[in-house]
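For reference, the structure discussed in these notes is given below.
What you see is a predicted model, and the numbers here were worked out from it, not measured in a lab. Indexing begins at 1, ligand by ligand and atom by atom, following the structure's order.
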Amino acid sequence: MRRRRFLGLTSGGVATVAASRLAASASAAPKPAGAAAGFPNGFVWGAAAASYQIEGAATADGKGPSIWDMFSRKPGEVWKDGNGDFACDHYHRYKEDVAIMKGLGLHAYRLSVAWPRVFPDGTGAINGKGLDFYDRLIDELLRAGITPWVTLYHWDLPLALYHRGGWLNPDIAHWFADYATAVAKRLSDRVKHWMPLNEPQVFLGAGLIQARHAPGDKLRLNEFLHAVHNTLIAHGRSVQALRASVKQPARIGTAQAAYNYVPASDRPDDLKAARERWFATADDSYKQNGLWLDALLLGRYPEDALKLFGAAMPPIRQGDMETIKQKLDFIGLTLYSADPVRRGKDGKPEVVPWPQGYPITSFEWAVAPSILRLVPTWVHERYKLPIAIVENGIAQRDWVSADGAVHDPARIDFTARYLRELHGAIAAGVPIEAYFHWSIIDNFEWAEGYKHRFGLVYVDYATQKRTLKDSARFYAEVIASNGKTVLDRTTPDPPMY
Ligand code: FCB
């Protein structure tokens with residue numbers, strides 16, 4: 001085994017463990033130039049964005065207010081009091097944006113539909129003009145040869161539904177199913193790929209417990225768990241609604257946030273500990289993977305969750321778990337960062353600190369490429385479904401350089417490393433069908449406003465001018481070569497987790 005030094009860490013506890021883990025990273029193994037097996041034929045190269053983050057046009061054509069319209073107006077809730085009123089003005093500039101996607105050679109674009117455009121009050125009368133926008137957008141995508149993957153809910157709950165209890169009201173399952181039906185009726189002649197809910201852990205956890213995101217509440221654990229159960233049922237009912245109303249066979253999956261753990265060393269027992277921690281309900285934070293995925297895919301809450309949460313768990317009515325467990329076609333995961341884990345002295349997985357100086361993004365998320373190999377592997381082993389990476393990307397503070405270009409070498413390095421690891425999982429036989437970079441374009445990053453930039457394409461918000469970053473050109477080459485440009489290399493990656 002090759003041993004490498006990382007940031008001068010050579011001795012002592014976690015540091016040594018971490019350094020040896022870094023040394024053992026599978027990504028460090030160089031592939032001889034030209035000999036890489038490549039990504040499979042038909043692999044889907046995509047990029048993603050979401051309605052509130054890019055569309056702007058906050059009141060256009062009858063759109064109703066969402067919880068983000070309300071929350072972002074509260075002074076101090078969003079960095080520099082930013083909001084999505086104009087964002088990237090994608091609502092009006094979608095043709096230009098689709099042309100950019102086409103220029104990059106994207107196979108697929110993951111977009112979300114804004115519920116309050118379709119139902120300004122959340123339920124009741126459909127606002128046809130709101131759906132017209134998605135009609136136009138999807139037609140434009142298809143003309144460009146780009147497959148739309150549609151998320152129904154990426155966090156912009158109609159405000160009127162929040163006033164009726166939002167995710168705390170069990171009726172939301174019906175409201176959401178009716179909305180799913182309306183969207184499917186209008187778009188499913190052209191849309192085949194669907195994801196009902198984007199990252200439910202995050203919109204409930206950050207929105208209802210931490211008050212960091214809209215609607216900005218701080219609920220107790222039992223109330224939060226009620227909302228979790230309602231949300232899972234809403235997922236189930238929406239899948240039923242989609243299956244019942246689509247005009248062609250649909251591929252329906254999750255867009256599940258993942259809280260990731262990587263082994264702190266190359267000891268096999270630390271690898272096991274990291275895997276155990278990934279699925280475990282080990283604390284009462286909202287950051288649970290197994291709880292959601294077991295409910296969605298196995299139709300039961302895991303034993304450790306029932307034990308830990310005890311009486312705080314919501315009453316489970318007869319038939320609830322059957323409703324939640326709908327047949328899904330893929331597991332969509334959003335994967336960004338991780339924490340290192342080792343086997344603790346008590347035999348339990350123990351989260352340990354990153355080595356000092358370990359690489360972080362401007363979001364202060366640690367860079368952990370191996371999650372793109374480990375997590376799909378673990379998730380596929382347990383649930384046996386194909387995997388799609390529906391978000392992965394890096395926050396930076398990009399700007400336009402004096403030469404007029406946007407140079408973002410860290411985004412290129414980040415993406416190449418993560419993709420090499422993803423390829424490692426594919427090469428080992430894990431069925432991974434798609435990769436969506438977050439994001440196609442800089443955008444409104446929730447509570448962080450316009451502070452960070454995640455895009456392959458830079459946006460000057462004052463002029464709405466788009467500039468391709470270096471990473472956009474890099475990604476276009478990745479796509480054109482079906483991944484070969486990141487696999488063909490003669491030197492190993494410098495170590496990282
Ligand atoms: C995910 C969200 C997405 C974006 C990225 C950075 O949690 O789904 O909208 O904010 O993180």
Side-chain angles (χ1 to χ4, degrees), residues 46-56 66-68 71-72 77-79 82-84 87-88 90 109-115 149-157 195-210 212-214 231 235 253-260 285-289 292 331-338 360-368 371-372 375 388-398 408 410-411 414-415 418 434-457 459 469 471:
S51 48
Y52 188 75
Q53 294 180 276
I54 64 166
E55 286 176 0
S66 78
I67 52 172
W68 272 96
F71 182 73
S72 60
E77 296 294 4
V78 173
W79 188 74
N83 62 50
C88 310
H90 174 74
Y109 170 52
R110 179 177 170 228
L111 64 110
S112 78
V113 174
W115 188 345
W149 287 44
V150 172
T151 306
L152 290 175
Y153 181 73
H154 202 126
W155 304 0
D156 37 5
L157 185 74
M195 284 155 279
L197 297 167
N198 180 69
E199 297 189 339
Q201 303 102 308
V202 180
F203 73 71
L204 295 180
L208 298 187
I209 289 193
Q210 291 185 328
R212 192 160 63 75
H213 280 186
T231 305
H235 159 89
T254 62
Q256 207 60 25
Y259 298 95
N260 301 305
S285 79
Y286 65 87
K287 297 185 173 179
Q288 313 299 348
N289 299 315
W292 286 87
I331 301 174
L333 298 169
T334 72
L335 295 172
Y336 290 92
S337 186
I360 53 171
T361 71
S362 76
F363 238 59
E364 302 194 6
W365 290 353
V367 182
I371 60 174
L372 250 61
V375 174
I389 309 304
V390 296
E391 282 181 30
N392 168 246
I394 172 175
Q396 297 280 280
R397 308 275 173 89
D398 310 303
D408 56 344
R411 182 168 290 104
F414 175 102
T415 308
Y418 274 69
Y435 170 86
F436 288 84
H437 194 82
W438 183 274
S439 171
I440 183 63
I441 189 170
D442 291 338
N443 60 56
F444 174 79
E445 181 44 49
W446 309 116
E448 299 289 317
Y450 296 97
K451 184 180 191 180
H452 305 274
R453 294 175 179 272
F454 270 97
L456 296 166
V457 177
V459 178
K469 300 181 191 176
S471 59

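The shortest side-chain heavy-atom distance between Tyr259 and Tyr286 falls under the 4.5 Å cut-off.
In summary, the side chains of Ser362 and His452 do present a donor paired with an acceptor at a separation below 3.5 Å, with no hydrogens or angles considered. Donor-acceptor pairing under 3.5 Å is recorded for the side chains of Asp156 and Ser51.
In this structure Tyr418 satisfies the side-chain hydrogen bond (donor to acceptor under 3.5 Å, both in side chains) test with no other residue, sequence neighbours excluded.
Protein residues with a heavy atom under 4.0 Å from ligand 1 are Gln53, His154, Trp155, Asn198, Glu199, Tyr336, Glu391, Trp438, Glu445, Trp446, Phe454.
The pair Asp398-Arg411 meets the salt-bridge criterion, with a side-chain N (NZ, NE, NH1 or NH2) lying under 4.0 Å from an Asp/Glu carboxylate O.
Taking each heavy atom of Val390 and Arg110 in turn, the nearest pair found is O-NH1, 3.3 Å.
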